[in-house]
Student: 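For reference, the structure I am asking about is given below.
Remember, it's 1-based here, ligands and their atoms both numbered in the order they're listed. All values below were derived from every heavy atom in this structure, side-chain atoms included, with hydrogens, water molecules and symmetry-related copies excluded.
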Amino acid sequence: MSSANSGADARTVDVVIVGAGFAGLHLLYRMRELGLSVQSFEAGGDVGGTWYWNRYPGARCDSPSSSYQYFFSRELLEEWQWSQRFPPQSEALAYLNYVADRFDLRDHIQFDTRVVSAHYDEDRDRWRIETDAGEILVTRFFISAIGVLTEPLVPDLPGQDKARPKFLHTCRWPHGGVDFRGKRVGVIGTGATGIQVIQSIAGEVASLTVFQRTPNYAIPIRNPALDETDWQTRRDQADATHALTHETFSGFEYHLNPQSALDVSDSERRAYLEELWADGSLSFWVGNYHDILASEAANAPVAEFVREKIRARVDDPATAEKLMPDYPYGSRRVPLENGYFEVYNQDNVTLIDVNEDPMQAFTEQGIRTASGEHKFDYIVLATGFDAVTGSYSRIDIRGRDGASLNAKWAQRPLAYLGIQSAGFPNLFMVTGPTAPTTAFCNYPTCGGMQVEWVTDCIRHLTRQGLTRIEPEPAAEVEWADHVDEVANMTLIPATKSWWMGSNVGGKAHSVLGYIGGANEYKRICDEVAAENYKGFETA
Ligand code: NA7
């Protein structure tokens with residue numbers, strides 16, 4: 001790199017953080033606490049990340065508020081009162097705004113600014129960061145907290161440029177909302193997002209047409225309001241709750257059932273499943289029999305239990321059949337729902353299975369499928385994301401010798417512990433590829449583990465008078481092999497999902513997140529640090 005573009009005159013800080021969502025704010029808080037100079041950049045107009053962008057009708061957190069929060073401040077735990085067990089988007093966003101204000105974080109964040117490139121300058125042992133505003137910063141540590149679901153996917157169909165209906169991607173929702181009353185609406189996608197949109201707008205639109213590619217095993221949510229007694233109990237139990245989230249597979253407060261689904265009688269299993277079902281949470285997934293994700297035989301009765309529940313709620317047997325998932329239960333993210341299946345009993349709602357009746361094009365008035373044209377005022381794209389590695393695709397990250405991170409990851413996203421990639425010294429990632437992602441872990445738990453690990457690591461380097469850390473190439477390959485080995489012990493790789501990259505044409509088929517458990521992940525990360533950052537090279 002020449003001295004002309006090495007940022008010799010640029011502003012210099014100790015740390016640059018990308019992202020001001022859940023993990024980014026936590027990182028900023030910790031880096032400032034270390035006494036480091038920090039600059040955060042955020043593409044959005046304010047804090048919030050996922051909760052800033054995903055403002056679509058019905059957007060709600062599927063993690064319970066008891067563990068979907070920060071535990072780093074006793075004052076915060078005392079002050080904030082969640083109104084419901086599963087908070088709506090507006091409340092999750094209000095919480096993150098409260099945190100930013102409470103801890104004076106905003107002054108360190110530049111909003112409406114994308115980092116477009118980050119180049120490592122080996123001679124100076126610094127990163128040169130460039131933003132879309134043309135600003136250049138030089139930093140020792142570059143930390144990405146850009147999130148796992150930020151790069152929206154749009155169906156690859158011709159005709160969108162000439163189509164008159166208004167297109168709305170769920171993660172780019174207008175801030176003022178949308179008045180759907182009396183409108184003809186098409187929704188593409190029936191993942192966790194599509195389900196929340198569909199059940200929320202079905203009652204107000206003139207007509208709703210849902211384009212479904214893969215049905216989901218959605219679980220009815222139980223979402224009681226919380227009162228003063230609940231808040232006090234939560235405050236009293238906060239330390240125990242936090243500890244518990246580090247001990248469970250999922251980072252939630254639910255333990256997997258150590259029994260096999262096959263070691264109990266049919267009636268015992270049914271009684272247990274009914275009990276879990278009544279909890280109305282993801283405990284029916286990550287608090288279920290421990291082997292349902294490992295064995296098709298163990299999975300089958302649980303999958304059939306859910307299918308029966310769905311069938312009982314849909315009046316038309318042909319529609320019910322379209323809504324039946326045929327892959328193992330839980331091998332894709334299980335959405336929570338509220339009245340979703342009953343929507344298909346409404347006269348104004350049509351379900352199109354695009355496997356039977358493929359979408360061919362956007363037309364001037366709507367969408368053409370093999371069976372004909374469907375006319376709309378609005379087309380909602382609940383079509384998901386180019387997950388995890390896709391979040392990095394818009395930043396030109398170059399490490400030693402100008403090597404591109406995105407090119408390195410094209411075939412296999414190598415990142416030791418999901419935190420650092422060889423050849424990219426002092427670049428840390430929170431919820432990077434092969435870390436436990438939002439897919440298999442309560443985000444604040446696993447994201448928080450990584451934030452704390454990175455903080456401890458930087459503190460360690462500073463105390464030891466070290467300036468650089470990066471993984472040994474062998475260590476990141478060994479980690480990736482372990483991530484694959486664990487995934488291959490489950491039913492997950494054989495099912496199409498964004499966790500495997502199979503929702504994006506041409507993307508490598510590779511598990512994007514560690515599914516060995518939050519508890520095991522923490523144990524490994526702690527062990528690595530305790531053994532003097534085993535597998536990392538420092539200088
Ligand atoms: P998801 O879970 O990736 O869901 C996207 C949905 O859109 C899913 O039903 C897709 O079908 C469908 N999709 C995507 N592209 C197309 C095309 N071209 N044609 C038809 N259907 C399409 O994203 P969400 O936003 O719902 O949820 C993401 C995560 O947020 C979720 O897992 C939680 O962790 C929170 P597919 O299933 O790929 O066949």
Side-chain angles (χ1 to χ4, degrees), residues 21-22 49-51 53-56 58-63 68 86 89 92 147-160 167-173 186-199 209-219 250-252 282 285-286 322-323 325-327 330-337 340 351-362 367 369-370 379-388 390-391 431 436-444 446-447 492 495-507 512-513:
F22 221 104
T50 283
W51 303 112
W53 294 103
N54 291 269
R55 295 163 184 260
Y56 58 84
R60 183 178 297 282
C61 186
D62 282 350
S63 293
Y68 196 87
F86 295 102
Q89 171 268 338
V148 294
L149 299 167
T150 61
E151 195 56 28
L153 278 184
V154 175
D156 185 16
L157 292 176
Q160 189 174 344
F167 285 83
L168 298 163
H169 197 290
T170 46
C171 81
R172 294 287 182 272
W173 207 261
V187 177
I188 307 176
T190 54
T193 299
I195 285 175
Q196 290 184 335
V197 174
I198 291 162
Q199 68 196 15
T209 306
V210 176
F211 297 87
Q212 172 192 271
R213 188 163 69 183
T214 311
N216 272 305
Y217 292 97
I219 304 293
S250 59
F252 290 116
L282 294 178
W285 177 38
V286 285
K322 286 185 192 169
L323 291 164
D326 62 356
Y327 49 86
S331 60
R332 294 155 51 91
R333 164 67 145 74
V334 174
L336 297 183
E337 56 83 24
Y340 172 67
L351 175 63
I352 294 181
D353 178 344
V354 300
N355 303 295
E356 293 168 1
D357 187 9
M359 292 186 292
Q360 297 174 334
F362 294 117
I367 296 175
T369 64
I379 295 176
V380 175
L381 304 173
T383 38
F385 303 86
D386 180 356
V388 190
S391 303
T431 65
T437 65
T438 172
F440 261 97
C441 188
N442 181 30
Y443 191 81
C446 292
I492 286 157
T495 305
K496 286 185 177 173
S497 70
W498 67 257
W499 302 340
M500 298 301 304
S502 45
N503 61 331
V504 182
K507 188 162 175 167
L512 289 166

Student: With sequence neighbours excluded, tell me which residues meet ring-ring contact (aromatic ring centres under 6.0 Å, His included) with Tyr217.
Tutor: Tyr327, Tyr329
Student: Answer with side chain, backbone, both or neither: which part of Ala382 has a heavy atom less than 4.0 angstrom from an atom of ligand 1?
Tutor: backbone
Student: Below the 3.5 angstrom mark, is there an N/O of Val354, backbone or side chain, next to an N/O of ligand 1?
Tutor: no
Student: Is Leu153 close enough to touch ligand 1? Criterion: a residue heavy atom under 4.0 Å from a ligand atom.
Tutor: no
Student: Ignoring hydrogens and angles, tell me if any N or O in the side chain of Lys322 forms a donor-acceptor pair with the backbone of Leu351 under 3.5 Å.
Tutor: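 Yes: the side chain of Lys322 pairs with the backbone of Leu351.
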Student: Phe86 and Tyr68: aromatic ring centres closer than 6.0 Å?
Tutor: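 Ring-ring flag for Phe86/Tyr68: false, centres at least 6.0 Å apart.
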Student: Taking a cutoff of less than 4.0 Å between a non-hydrogen atom of the residue and any ligand atom, is Arg332 in contact with ligand 1?
Tutor: yes
Student: Below 3.5 Å, N or O to N or O, backbone or side chain included: is there any such pair between Asp156 and ligand 1?
Tutor: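 Not met; the criterion fails.
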Student: Is there at least one pair of N or O atoms, one from Pro155 and one from ligand 1, spaced under 3.5 Å apart?
Tutor: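 Between Pro155 and ligand 1 (N or O atoms, distance only) the closest approach is not under 3.5 Å.
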Student: Distance from Ile379 atom CD1 to Gln160 atom CD, nearest 0.5 Å?
Tutor: 8.0 Å
Student: Determine, for Arg333 against Asp62, whether the closest basic-nitrogen to carboxylate-oxygen distance falls under 4.0 angstrom.
Tutor: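 Yes, Arg333 and Asp62 are salt-bridged.
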Student: Compare all side-chain heavy atoms of Tyr443 with those of Phe22 and state whether any distance is below 4.5 angstrom.
Tutor: yes
Student: Taking only residues two or more places apart in sequence, or in another chain, which ones meet Ser250 in a side-chain contact (heavy atoms from CB on, under 4.5 Å)?
Tutor: Thr248, Phe252, Val286
Student: When you measure from the heavy atoms of Phe211 to every atom of ligand 1, does any distance fall below 4.0 Å?
Tutor: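 The answer is no: ligand 1 sits nowhere under 4.0 Å from a heavy atom of Phe211.
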Student: Counting each atom of ligand 1 from 1 as listed, which ones have a heavy atom of Ile188 under 4.0 Å away?
Tutor: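 Near Ile188, the atoms of ligand 1 are 20 (C), 21 (N).
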Student: What I want to know is whether Arg213 and ligand 1 share at least one N or O pair that is separated by under 3.5 angstrom.
Tutor: yes
Student: Short list, please: which atoms of ligand 1 are under 4.0 Å from a heavy atom of Thr193?
Tutor: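 Contacts of ligand 1 toward Thr193, numbered from 1: 24 (P), 25 (O), 26 (O), 27 (O).
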Student: Regarding Thr193 and Thr170, do their side chains bring together a donor and an acceptor under 3.5 Å, going by distance alone?
Tutor: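 Per modelled atom types, Thr193 and Thr170 side chains form no pair under 3.5 Å.
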Student: Which atoms of ligand 1 have any heavy atom of Phe385 under 4.0 Å away?
Tutor: 25 (O)
Student: Using a strict 4.0 Å cut-off to heavy atoms of Gly189, name the atoms of ligand 1 that fall inside it.
Tutor: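 Result: 6 (C), 7 (O), 9 (O), 12 (C).
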Student: Mark the output for Met359 as yes if a heavy-atom distance to ligand 1 is under 4.0 Å, and as no if none is.
Tutor: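 It does, in that a heavy atom of Met359 comes within the 4.0 Å cut-off of ligand 1.
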Student: Using a 6.0 Å cut-off, check whether atom NZ of Lys496 has over 12 heavy atoms from anything other than its own residue.
Tutor: no
